[in-house]
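Shown next, in structure tokens, is the structure this report addresses.
Proteins get letters first, then strands, A, B, ... in listed order; numbering begins at 1 in each.
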There are 2 protein chains.
Amino acid sequence: MAQRGRKPSAWKNVAPSRDELFALKRTALLREAARAFSARGYHDTSLDDVAKTLGVTKPALYYYVTNKQEILFECHMLAQDLGNVAYDYAVEHGKTGREKIVLVCRRYIELITSEIGSCAVLSEFAALEPKNRAVIAKRRDDFQKKFSELIIEGVKDGSIREADPRMTVFFFMGAINWMTQWFRPDGDMSGEGIASVFSDLLEHALKPQ
Amino acid sequence: MAQRGRKPSAWKNVAPSRDELFALKRTALLREAARAFSARGYHDTSLDDVAKTLGVTKPALYYYVTNKQEILFECHMLAQDLGNVAYDYAVEHGKTGREKIVLVCRRYIELITSEIGSCAVLSEFAALEPKNRAVIAKRRDDFQKKFSELIIEGVKDGSIREADPRMTVFFFMGAINWMTQWFRPDGDMSGEGIASVFSDLLEHALKPQ
DNA sequence: CAACAATCTTACCCCAAAGTCAAACAAGCT
DNA sequence: AGCTTGTTTGACTTTGGGGTAAGATTGTTG
């Protein structure tokens, strides 16, 4: 009934194509695996478990993924993407260096808390195999470099007091990354609430005087 | 020669008794395991490797330890002890709430950086078996509770601006705990250096105005 | 319907690494 | 020397879980 009077091609919106179905299932797999990894850790999560949760058997997973390691790698990539989204947002909306930094902080927290499943995985860095680890490490360093530059910008424009950029980045990125160890979506503090408190603390830490 | 003219009992200082030897070896085992766990992660570290590094074989380790899990548990306990040491030091030496909090931060960082091997393990929380995990979690919560109370004290005595105590603790404990992910003893920043930067940031974040 | 491709299952292989055990070795004591 | 207790080893068992092969099932298309 809702379909009536639509264009003939309306079915496309309702019945996903094969490729779309494939992508959908693959994403579901990554999400579920990420959730499990964060809850029990990479090594204590068997693909049998993940499969059971998804209502299939293990070999079915291997149709969408070449091995367990690939899952972990993709989760890391997805989580890091959020960081870049937050960064772009902040650079666009902030004026001074401090405003931008504080905005990144706030936005990033909002993003990872709403997508916690795929992000808590950030703590499983050691479980990445060397080649993948190198890729993720490189991206992370690039990311933190951009942050450092925002701080330098803030010191120049007078919105941030003199401070070691690299250490400052480590400081608040640590505070944020550690969230994956304690944040629970059903806890008594919302993602936005935490974002407010944390970005406020950061702002005072950086402000001159 | 250095021994000459000493008391007859001087040998005691040089030749450890059996019990002392046992304790010495056991500690060496824990230290080395901790180092390996931090470098490669708990699950990617085999006891065969640890044994080889110590110049013995795996079964020898089992003479000092009942199983692998016990090693991880003891490492966590040791790392947490440092937190309490830092706390006691700060309460003794600080006057206002803020001074105490900042001192805990500084002292704790100095301690874990000098003992990084046994501390980087803090990130392997998920690898603890349920029973042990409960013990460690309890201790950690107690620890953070004491911190919260220092903050409340600081707000009362006017040395700390209005702030959510629990979130504030999460914030800077996160920043510190995350150090285990990036700090390297041979890096270009000493433990004291980091302690200074971090405690300075924390101080500004808490200070009124 | 037949044929072909996409998807998923049952049954299996395989191996790294935790953990065990009896025997060998070492050190002190009488 | 020989006895005893503490320490270490070589050789072994066991198991969880990653990964695979071959066939069943479902869906699609001519």
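- For the segment residues 40-54 of chain B, residues with any heavy atom less than 4.0 angstrom from an atom of DNA chain C are, sorted by number, B/T45, B/S46, B/L47.
- Per the geometry, CD belonging to A/E70 stands 14 Å off C1' belonging to D/dG18, to the nearest Å.
- The aromatic rings of B/F37 and B/Y42 sit perpendicular to each other, their planes meeting at more than 60°, with 30° as the lower class boundary.
- Between the C1' atom of D/dG18 and the CD atom of A/Q69 lies a distance of 12 Å, rounded to the nearest Å.
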Quiz item: Base, backbone or nothing for each nucleotide of nucleotides 8-16 of chain C, written B, S, -, heavy atoms under 4.0 angstrom, 5' to 3'?
Solution: SBB------
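- Ring centers of B/F171 and A/F171: under 6.0 Å apart, within the cut-off.
- Look at NZ on B/K68: it is 13 Å from C1' on D/dG16, rounded to the nearest Å.
- Distance alone, capped at 3.5 Å, is enough to place a donor-acceptor pair between the B/N177 side chain and the B/M173 backbone.
- Considering every non-hydrogen atom in both A/C105 and A/L202, the closest pair reads CB-CD2, 3.8 Å.
- Between A/R133 and A/L128, the shortest heavy-atom distance links the atoms NH1-O, 2.9 Å.
- Environment of CZ in A/R139: crowded, with over 12 heavy atoms of neighbouring residues, nucleotides or ligands closer than 6.0 Å.
- Between the P atom of C/dT7 and the CZ atom of A/R26 lies a distance of 13 Å, rounded to the nearest Å.
- The distance between atom CG of B/D19 and atom C1' of D/dG6, rounded to the nearest whole Å, is 11 Å.
- Spacing between atom OH of B/Y62 and atom P of C/dA18 amounts to 6 Å, rounded to whole angstrom units.
- Between the side chain of A/Q69 and the backbone N or O of A/E129 there is at least one donor-acceptor pair closer than 3.5 Å.
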Practice problem: Give the C-alpha distance, both sets of side-chain angles, the deciding distance and a yes or no for salt bridge (charged side-chain N to carboxylate O under 4.0 Å, His left out) between B/R35 and B/E32. | Solution: CA-CA 5 Å; B/R35 208 191 324 275; B/E32 181 50 41; 3.2 Å; yes
